[in-house]
Amino acid sequence: MQRTDFSEMACSIARTLDVIGEPWSPLILRDIWVGFSRFEQLQADLGISRKVLTERLNHLVDRDVLERRPYDNRPRYEYVLTDRGRELLDVLMVMVAWGDKWLAGQAGPPVLYRHHACREISHVDLACAHCGRPMHADDIDILPGPGAAA
């Protein structure tokens, strides 16, 4: 099935969805983040078909989110996050905070995150890059930017 191409849309949400907007890509990034870097590891952990995993890995490599590195002579590859990929993890951390708050249920969050700087278990919270105060959807005005559609 052909996916809709959002890459040229004048919307940063749409362009980001073009990179990671189907369910497998964020889960692949999560697995690589926690240390599964080889195809077989990813396939076993996710229970994904080889065809779909190959397509998703190729897509993420093509979008410069992952880098493919050979690890033996067959050739076989491991996948590592690029700078773009590491920054996308911040998006996943916001998803984690939302999922932990609204979907974790009685059992609580399935994973805890300890912040390196303060060594405390915590979660991400959006803040303004200018003043440092909380920044959520109700706290902003949406204005046209220089790349807005005509």
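Predicted model only: the values in this text are computed from it and were never measured.
- For the pair Leu89/Leu92, a side-chain contact is recorded, criterion being any heavy-atom separation below 4.5 Å from C-beta on.
- Residue Ala14 comes nearest to Met9 through the heavy atom pair CB-SD, 3.4 Å, listed as atom of the first residue, atom of the second, then distance.
- Side-chain contact check for Ile20 versus Leu60: some heavy-atom pair is nearer than 4.5 Å.
- Of all non-hydrogen atoms in Trp33 and Leu81, the two that sit nearest each other are CA-CD1, 4.2 Å.
- Side-chain atoms of Met95 and Met93, non-hydrogen and from C-beta on, never get closer than 4.5 Å to each other.
- Salt bridge annotation for Arg30-Asp45: present, with a cationic side-chain nitrogen under 4.0 angstrom from a carboxylate oxygen.
- Considering every non-hydrogen atom in both Pro26 and Glu22, the closest pair reads CD-O, 3.1 Å.
- A distance of 6.0 Å separates CG of Leu27 from CG of Leu46, quoted to the nearest 0.5 Å.
- Distance alone, capped at 3.5 Å, places no donor-acceptor pair between the Ser7 side chain and the Asp18 backbone.
- Within 6.0 Å of atom CD in Glu40, more than 12 heavy atoms from other residues, nucleotides or ligands are found, so the atom counts as buried in its surroundings.
- Of the inter-residue distances, the one linking Ile121 atom CD1 with Leu112 atom CG reads 5.0 Å to the nearest 0.5 angstrom.
- Annotation: cation-pi geometry satisfied between Arg38 and Tyr71 (NZ/CZ under 6.0 angstrom from ring centroid, within 45° of ring axis).
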